[in-house]
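Some notes on the structure that comes next.
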Amino acid sequence: MRYAPTLRYAVIGLVFLSTACTTTITKTKNPEFGIPIDSLAGQINGLVTSQHVNLDGKEITTNGMDSSVLEVDILNGKDIPQNDERLKTLGRSIAIDIHNALKDKNEYKAFMVLFVKVDSSAGLTKRSWKGCTFSAGQL
């Protein structure tokens, strides 16, 4: 009987910990476009010249709440603005073009545009980036 209060506190602690935890599940969600991908690539290339553009769609469920994000990585872009306002304007233009090219305009709730600089030398790769996120409603 003298262990009963300790056991009770242990059970209460476990219940508290299990309710305090956040459960997040991330799945790949590839975008589907209503225009040829070459056309979209041309539109983006008209805004910024880069080495490569990656599109990485994700469906994220956190404690039963669904969200979706399309991450756009512009790798080694040329003439990327250093001014935050101009960078945000360029990022928004890219996000608008991608949003408008989607087959289902409601497929993603947010668009994250990252300007990634990749430097490789002597077997080391260094990545740095700046970016911005836009909700679909901002586009």
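Predicted, not measured: the structure shown is a model, and the values here were computed from it. The basis for the numbers below is simple: all heavy atoms, side chains too, and nothing from hydrogens, waters or symmetry mates.
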Task: Gln51: partners by side-chain contact (heavy atoms from CB on, under 4.5 Å), with sequence neighbours left out - done: Asn76

TODO: Check Leu102 against Pro31 and note the closest heavy-atom contact, atom names and distance.
DONE: CD2-CB, 3.9 Å

Task: Min side-chain heavy-atom separation Leu87-Gln82 under 4.5 Å - done: no

Task: Minimum heavy-atom distance Leu40-Ala101, with the two atoms named - done: CD1-CB, 3.9 Å

- [ ] Any salt bridge (charged side-chain N to carboxylate O under 4.0 Å, His left out) involving residues 69-90? Give me the pairs, sequence neighbours left out, ordered by first then second residue.
- [x] Lys58-Glu71, Asp84-Lys130

Open item on the list: Check for me, please, whether Val48 and Val53 land in the same ILVMFWY cluster - side-chain distances under 4.5 Å, paths through other members count.
Closed with: yes

Task: From Lys27 atom NZ to Asp66 atom CG, the distance as rounded to the nearest 0.5 Å - done: 8.5 Å

- [ ] Would you kindly confirm whether Ile37 and Val72 end up in one hydrophobic cluster when ILVMFWY residues are joined by side chain heavy atoms under 4.5 Å apart?
- [x] yes

Open item on the list: So Leu47 and Ser93, do their side chains get closer than 4.5 Å, heavy atoms only?
Closed with: yes

Open item on the list: Using the side-chain contact (heavy atoms from CB on, under 4.5 Å) criterion, which residues pair with Thr24? Sequence neighbours excluded.
Closed with: Thr22, Thr26, Ile60, Thr62

- [ ] For Thr133 and Ala110, work out which heavy atoms get closest and say how close.
- [x] CG2-CB, 4.3 Å

Task: Any pair counted as ring pair (Phe, Tyr, Trp, His ring centres under 6.0 Å), so long as it reaches residues 44-73, sequence neighbours left out - done: none

Open item on the list: For Gly91 versus Cys132, what's the shortest heavy-atom pair and its separation?
Closed with: CA-SG, 4.2 Å

Open item on the list: My understanding is that only residues two or more places apart in sequence, or in another chain, count here; which of them pass ring-ring contact (aromatic ring centres under 6.0 Å, His included) with Phe111?
Closed with: His99

- [ ] Could you walk me through whether Val118 and Lys126 pass side-chain contact (heavy atoms from CB on, under 4.5 Å), step by step?
- [x] CA-CA 6 Å; Val118 180; Lys126 179 183 173 187; over 6 Å; no

- [ ] Please list all pairs passing the side chain to side chain donor-acceptor pair (under 3.5 Å) test where one or both residues lie in residues 106-123, with sequence neighbours left out.
- [x] Ser120-Thr125

TODO: Examine Leu114 and Leu90 and state if one hydrophobic cluster contains both, with Ile, Leu, Val, Met, Phe, Trp and Tyr joined whenever side-chain heavy atoms are less than 4.5 Å apart.
DONE: no

TODO: Any chance you could lay out the side-chain contact (heavy atoms from CB on, under 4.5 Å) test for Ile74 and Asn54, step after step, and finish with the verdict?
DONE: CA-CA 7 Å; Ile74 307 294; Asn54 287 334; over 6 Å; no

Task: Ile94 CD1 to Ser50 OG distance, which is reported to the nearest 0.5 Å - done: 8.0 Å

Task: Rounded distance (nearest 0.5 Å) linking atom CG of Leu139 with atom CD1 of Ile98 - done: 10.0 Å

TODO: Check whether Val69 and Ile25 end up in the same hydrophobic cluster, where Ile, Leu, Val, Met, Phe, Trp and Tyr are linked by side-chain heavy atoms less than 4.5 Å apart.
DONE: no

Task: Inter-residue atom distance Asp38.CG - Asn45.CG, 0.5 Å rounding - done: 11.5 Å

Task: Co-membership, hydrophobic cluster, residues Leu55 and Val116, 4.5 Å side-chain - done: no

TODO: Report yes or no: does Lys105 contribute a side-chain atom to a donor-acceptor pair with the main-chain N or O of Asn100 at less than 3.5 Å?
DONE: yes

